[in-house]
Engineer: 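Mind looking over this structure? Questions follow.
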2 protein chains.
Amino acid sequence: MLTISRVAAYAGVTVRAIRHYHEIGLLPEPVRDRSGYRTYDAAAIVRLIRIHTLADAGVPLARVQELLDAGPDEFAAGVREIDKNLRAEIRRLRGTRQRLAGLAAGDRLALPRCVLDYLDRLRALGVDERQIEAERDGWILVAAQVPDQIDAVIAQKHEDLDNPDVVELYLLLNDALDWPPDDPRVVEIADIVERLMIRAVQSGEAGPDAITDSFATLLDAAMLESSPGAARLLAILEDRGWKGWTRIEKFPANRLDPAMTGDDA
Amino acid sequence: MLTISRVAAYAGVTVRAIRHYHEIGLLPEPVRDRSGYRTYDAAAIVRLIRIHTLADAGVPLARVQELLDAGPDEFAAGVREIDKNLRAEIRRLRGTRQRLAGLAAGDRLALPRCVLDYLDRLRALGVDERQIEAERDGWILVAAQVPDQIDAVIAQKHEDLDNPDVVELYLLLNDALDWPPDDPRVVEIADIVERLMIRAVQSGEAGPDAITDSFATLLDAAMLESSPGAARLLAILEDRGWKGWTRIEKFPANRLDPAMTGDDA
DNA sequence: TGCGGGGTTGACGCGGCGTCAAGGTCAAGC
DNA sequence: GCTTGACCTTGACGCCGCGTCAACCCCGCA
């Protein structure tokens, strides 16, 4: 008597697969003997072999029946479509491999090379690693948001770094990391920042186009989270009429030229 | 406030994906506001972007955490392994495509070309399509069982067909399909078959090596199922001392040469 | 009578979410 | 104050092709 395991062996499939085909109606349930065993005939093996041949060639089980019953034309059409899907899947995997290679090549932090170079420059200037990490996270956000403008934005940042004030600011912030939040020296930092902001406003810089208001707000929030003293600094600046950090804005029209006078609030 | 959908938009993932990452512990659950909404911070977006970058490059979610925490060497090793898997998967799919192309080229019945050619020859001899289908199913079984010997077996069958007795037998069986099971002419068929069997035994043919006894039994059963008169035919032959059909065997040593004498049982 | 190697059904697991159901919440417009 | 529509919540099933238990029955042999 042909039991399920012998049928499986003849057809080159597993017992479990046969039961699965029964479950989904691809292979009719055979009659049972008195103890409930399935008893097959040779025709079942033939059908199994044909199912297995198709399945092994990538035909989804849901379409096997249809293809077994098809005439030559429908069969060819079905095969073409399945092959199209296989090709698409292979393309997808190749794309995945490309991205994986990109990871290996350096952007495992979700950052393009130019940003990594920029961060290296900061590192070379002596900027503290903690600050670089905060900076890096900011750039991860930006790069995800405007991936095709990131090069231009970074180029601008490199220019900024040619300004000694900017470098001094970074180094001051370096020290500020260990200050208590109410350290009076924060005011010095505010002075430098304000000077830079004024220059930026005067030269008409507006930041990258695609940075929306809400995204700028997000970046500001990220900056606030990154350091305990950041809130103080922003508060002082806001007192002097500056709003935002990512996107510079002077908000009341009054007190237009307090440059270089220090904190007089 | 950063809701889940805004975070999803910033990170370029779906809301459902974020919840999934929470479920599997890849992204920590953030605090909730008073109405139960998750409230995120910018750091969560950064982590999400990094998760997404890895996942998109084919890193299984189960390994993302590990790679996020890894140093450069472990990271590189992990990436290499994942890439190996991707390559293997692509190879697998290419193999699948090959098999699919094979299907399209003709063996959609799970039969190699040489068997199809053989069946075409039978068809050309005037063998009935019903008989060819039975024959075909038998060959599907054989081809699945001994795929690398099928060419040799078929070559032997082609030689057999050069014998006019064999052709006559096929054509007689053609007619026999419509005979009632107890038609006396079955004896004529038995005579021819016996003649052929004797010749086969004398020339020392033994059938393909890899055909085991149990498989021969299966093929005999398949032959029995294929036609109602087959049982009669086998019964007559067995009466004359012949056992089996697929594998020819003379079983009692007595009555060694009843050739061409007809049914004397 | 026990054992070892069959068979049976039923259920969960995998991977990475998509998608639906059945609600509670929020901001805005009437 | 009420409705509307967009968004949030949890919970659950679905996909695809089986692999892999678990718990139990059946058969032949020593």
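Protein chains get the first letters and strands the later ones, always in sequence-line order, with residue 1 at the start of each. Scope of the values below: all heavy atoms of this structure, side chains included, with no hydrogens, waters or symmetry mates. Being a predicted model, the structure only gives us computed values, none of them experimental.
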Engineer: For A/A104, enumerate each residue passing the side chain to side chain contact (heavy atoms under 4.5 Å, CB included) test, keeping only those at least two apart in sequence or located in another chain.
Structural biologist: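 Only B/V79 meet the side chain to side chain contact (heavy atoms under 4.5 Å, CB included) criterion with A/A104.
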Engineer: Determine to 10° how strongly the helix from C/dT1-D/dA30 to C/dC30-D/dG1 is bent, judged from the axes of its five-pair ends.
Structural biologist: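 Answer for the end axes of this duplex: 40°.
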Engineer: Taking ring-ring contact (aromatic ring centres under 6.0 Å, His included) as the cut-off, I'd like each qualifying pair that reaches into residues 26-66 of chain B, sequence neighbours left out, listed once.
Structural biologist: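 Every ring-ring contact (aromatic ring centres under 6.0 Å, His included) pair that includes a residue of residues 26-66 of chain B, provided the two are not neighbours, is B/H22-B/Y40.
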Engineer: In whole angstrom, give the distance that lies between atom CD of B/E29 and atom P of D/dC8.
Structural biologist: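 Distance, rounded to whole Å: 14 Å.
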Engineer: What residues form a salt bridge (Lys or Arg N to Asp or Glu O under 4.0 Å) with A/R91, not counting sequence neighbours?
Structural biologist: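 In terms of salt bridge (Lys or Arg N to Asp or Glu O under 4.0 Å), with neighbours along the sequence ignored, A/R91 is linked to no residue.
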Engineer: Can you sort out the partners of A/E81 under salt bridge (Lys or Arg N to Asp or Glu O under 4.0 Å), two or more places apart, ordered by chain and number?
Structural biologist: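 For A/E81 the salt bridge (Lys or Arg N to Asp or Glu O under 4.0 Å) partners, ignoring immediate neighbours, are A/R63.
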Engineer: Using a heavy-atom distance cut-off of less than 4.0 Å, which residues of residues 1-12 of chain A contact DNA chain D?
Structural biologist: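 Going residue by residue through residues 1-12 of chain A, none turns out to have a heavy atom under 4.0 Å of DNA chain D.
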Engineer: Just to confirm, is there a sub-4.0 Å distance from OP1 or OP2 of D/dC8 to any side-chain nitrogen or oxygen of B/R34?
Structural biologist: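 Looking at the OP1 and OP2 atoms of D/dC8, neither is under 4.0 Å from any side-chain N or O of B/R34.
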Engineer: Test of understanding: with salt bridge (Lys or Arg N to Asp or Glu O under 4.0 Å), list the residues that count as partners of A/R130, not counting sequence neighbours.
Structural biologist: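 With neighbours one apart ignored, the set is A/D128, A/D178.
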Engineer: Where along residues 78-96 of chain A does a heavy atom fall under 4.0 Å from DNA chain D?
Structural biologist: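 When residues 78-96 of chain A is checked for heavy atoms under 4.0 Å from DNA chain D, there are no hits whatsoever.
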Engineer: Reading nucleotides 13-25 of chain D 5' to 3', which nucleotides get B (base under 4.0 Å from a protein heavy atom), which S (sugar-phosphate only), which -?
Structural biologist: ----BBBB-----
Engineer: Atom CD1 in A/I150, atom CZ in A/R113: separation rounded to 0.5 Å?
Structural biologist: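 The distance works out to 14.0 Å.
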Engineer: Using a cut-off of less than 4.0 Å, is there contact between a side-chain N or O of B/R19 and OP1 or OP2 of D/dT9?
Structural biologist: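 Yes, B/R19 has a side-chain N/O under 4.0 Å of OP1/OP2 on D/dT9.
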Engineer: Do other residues, nucleotides or ligands put more than 12 heavy atoms under 6.0 Å from the CD atom of B/Q98?
Structural biologist: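 No, because the 6.0 Å sphere around CD of B/Q98 holds 12 heavy atoms or fewer from other groups.
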Engineer: Excluding sequence neighbours, so at least two apart, what forms side-chain hydrogen bond (donor to acceptor under 3.5 Å, both in side chains) with A/D41?
Structural biologist: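 Listed in chain order: nothing, the list is empty.
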Engineer: Does A/L86 offer a backbone N or O that forms a donor-acceptor pair with the side chain of B/R97 under 3.5 Å?
Structural biologist: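 No.
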Engineer: For B/D33, which residues count as a salt bridge (Lys or Arg N to Asp or Glu O under 4.0 Å) partner, sequence neighbours excluded?
Structural biologist: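 Not a single residue meets the salt bridge (Lys or Arg N to Asp or Glu O under 4.0 Å) criterion with B/D33.
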Engineer: Is it true that a side-chain atom of B/E74 and a backbone atom of B/G71 form a donor plus acceptor pair closer than 3.5 Å?
Structural biologist: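 Checked: pair present.
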Engineer: Tell me if a side-chain donor or acceptor on A/E225 pairs with a main-chain N or O of B/A42 at a distance below 3.5 Å.
Structural biologist: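 Confirmed, A/E225 side chain pairs with B/A42 backbone.
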Engineer: Measure the distance from CZ on A/R32 to P on C/dG7 and round it to the nearest whole Å.
Structural biologist: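 Atom CZ in A/R32 sits about 12 Å away from atom P in C/dG7.
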Engineer: Got a sec, which residues hit side-chain hydrogen bond (donor to acceptor under 3.5 Å, both in side chains) with B/R50, two or more places apart in sequence or on another chain?
Structural biologist: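 Scan of B/R50 (side-chain hydrogen bond (donor to acceptor under 3.5 Å, both in side chains), adjacent residues dropped) gives none.
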Engineer: With a 4.0 Å cut-off on heavy atoms, is B/R38 in touch with a base, just the backbone sugar-phosphate, or nothing at all?
Structural biologist: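 Counting heavy atoms under 4.0 Å across all strands, the contact made by B/R38 is with sugar-phosphate only.
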